[in-house]
There are 2 protein chains.
Amino acid sequence: MTVQERALLETATRVLVTSPAASLADVAAAAGVSRTTLHARYPTRQALLVALAHEAMDLVEAAYGEARLDEGDVPGALRRVIELTVPLGPRLEFLLRERSLDDVPEVTARTIALDAPLLDLVERGRQRGELRTDRPSWWRVASRPGTVYPAWEAIADGRLAPRDAPGLVLTSVLHGAAPR
Amino acid sequence: MTVQERALLETATRVLVTSPAASLADVAAAAGVSRTTLHARYPTRQALLVALAHEAMDLVEAAYGEARLDEGDVPGALRRVIELTVPLGPRLEFLLRERSLDDVPEVTARTIALDAPLLDLVERGRQRGELRTDRPSWWRVASRPGTVYPAWEAIADGRLAPRDAPGLVLTSVLHGAAPR
DNA sequence: CCGTTCCTGAACAGTCATGTTCAGAACCGT
DNA sequence: ACGGTTCTGAACATGACTGTTCAGGAACGG
């Protein structure tokens, strides 16, 4: 994938997140490319959306890799993965909210597969006694995007300083709202 | 609002959540009503979506009322409100994911206003020493839908027993993932 | 029983995004 | 300078949904 292609996908994501009803003409214009060219790369609108989804998931996967989830203690790994995924906010929003992705089996399957490293991490945390074992592992993972994404939203709104976000998310996830 | 109107809105929500691209003809058919009648009640598609949103928020508001948030201890109130909002899953999904609602100021304003009772509750919890005070109140509220909604999803998938959901959500929110 | 109200089915115009095609221009590397 | 590749602008067909209208029929209440 060339640099321009990445740039195009990023622009497309930005446009389609900002105004989901944008036409392909709008997307092409924003990306500084003709509609014909856009169409040459992505034959249909759906194909573009799917490509966007895959690119977003590529980034998530890369973040997981970079976070070295299998190294060190689990809270530390959690902190790293949170730090690396919060900036992916717009991509996550796209993945979570774009409803036409729901009936692309290829995408939904990968969404599920994408959770595997986190499941492993939770599992590891349980074995090391760093995470509670009285609740199902999948639950911890399922409720994750719902905690990371609001953090991004808060940053975008200016309510939250980017550097504060990971700590906030991490302590929420680990310790909850009750006083110690 | 008559019973039939409520039924129509509920059917419409179900259809539009299941297949967001459904046409008004599909919605009308599913509701057992002619497209003309549907159009008489809701002049435009957008008007229907807005009505759906308002009805969903009515239900959330009602749940908050029924949960008597200002009575008793705060964890108890939290449990009640979680119990009452989890079944609203499909409505919450609609509110969270339907992106054409984003540029209806009336709806976004009410979305924000809807959080006020919860903010009060968190505030009360802090004063009573039942919630931590080292993190902003709005954060606790912002990350709430992200925890409640996955619970509904898990129930819908059959991964989670409906009666287990409130406890799971509550302990996650209060105590987090770390062992005591 | 009658009049009002509401719902229905059908048809229609308008709009708009999509997908397709093609000839020419711009841009490469050689 | 040249041949090939890529991008461009424009035009076109298509299809779908929306919003609108209207005459007839069903339901309902008085």
Side-chain angles (χ1 to χ4, degrees), chain A residues 1-56 90 93-95 97-107, chain B residues 1-56 93-94 97-107:
Chain A
M1 184 174 299
T2 72
V3 173
Q4 300 117 39
E5 274 175 295
R6 286 214 172 270
L8 188 145
L9 288 180
E10 199 196 325
T11 306
T13 302
R14 186 171 44 74
V15 171
L16 287 174
V17 162
T18 313
S19 44
S23 73
L24 296 186
D26 298 333
V27 174
V33 117
S34 85
R35 194 164 73 91
T36 314
T37 303
L38 179 63
H39 193 264
R41 298 239 179 86
Y42 309 100
T44 71
R45 181 193 184 86
Q46 187 72 349
L48 174 62
L49 294 177
V50 169
L52 256 45
H54 274 297
E55 201 240 1
E93 172 169 6
F94 177 76
L95 282 178
R97 296 191 65 189
E98 180 55 53
R99 315 213 296 182
S100 69
L101 294 175
D102 291 3
D103 36 45
V104 183
E106 187 193 347
V107 171
Chain B
M1 185 173 299
T2 71
V3 173
Q4 300 117 39
E5 273 175 295
R6 286 214 170 271
L8 187 146
L9 287 180
E10 199 197 324
T11 305
T13 302
R14 186 169 46 73
V15 172
L16 288 174
V17 163
T18 314
S19 44
S23 74
L24 296 186
D26 297 333
V27 174
V33 118
S34 85
R35 194 164 75 92
T36 314
T37 303
L38 179 64
H39 192 265
R41 296 237 181 88
Y42 309 100
T44 71
R45 182 192 183 88
Q46 187 72 345
L48 174 63
L49 294 178
V50 170
L52 255 45
H54 275 297
E55 202 240 359
E93 173 169 5
F94 178 76
R97 297 191 64 189
E98 181 54 54
R99 315 214 294 180
S100 68
L101 294 175
D102 290 3
D103 36 44
V104 182
E106 187 194 346
V107 171

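Throughout, protein chains are lettered first and strands after them, A, B, ... in sequence-line order, and every chain is numbered starting at 1.
Considering all non-hydrogen atoms of both residues, Val50(B) and Val107(B) come closest at CG1-CG2, 4.1 Å. Heavy-atom minimum distance, Leu8(A) versus Tyr42(A): CD2-CE1, 3.9 Å. Between Asp103(A) and Pro105(A), the closest heavy-atom pair is O-CD, 3.5 Å. Nearest heavy-atom pair across Pro43(A) and Arg41(A) is CD-O, 3.6 Å. For the pair Arg97(A) and Glu98(B), the tightest heavy-atom approach, listed with the atom from each and the gap, is NH2-O, 3.6 Å.
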Where protein sits on nucleotides 6-20 of chain C, one letter per nucleotide: B base, S sugar-phosphate only, - none, heavy atoms under 4.0 Å: -SBBBB-----SBBB
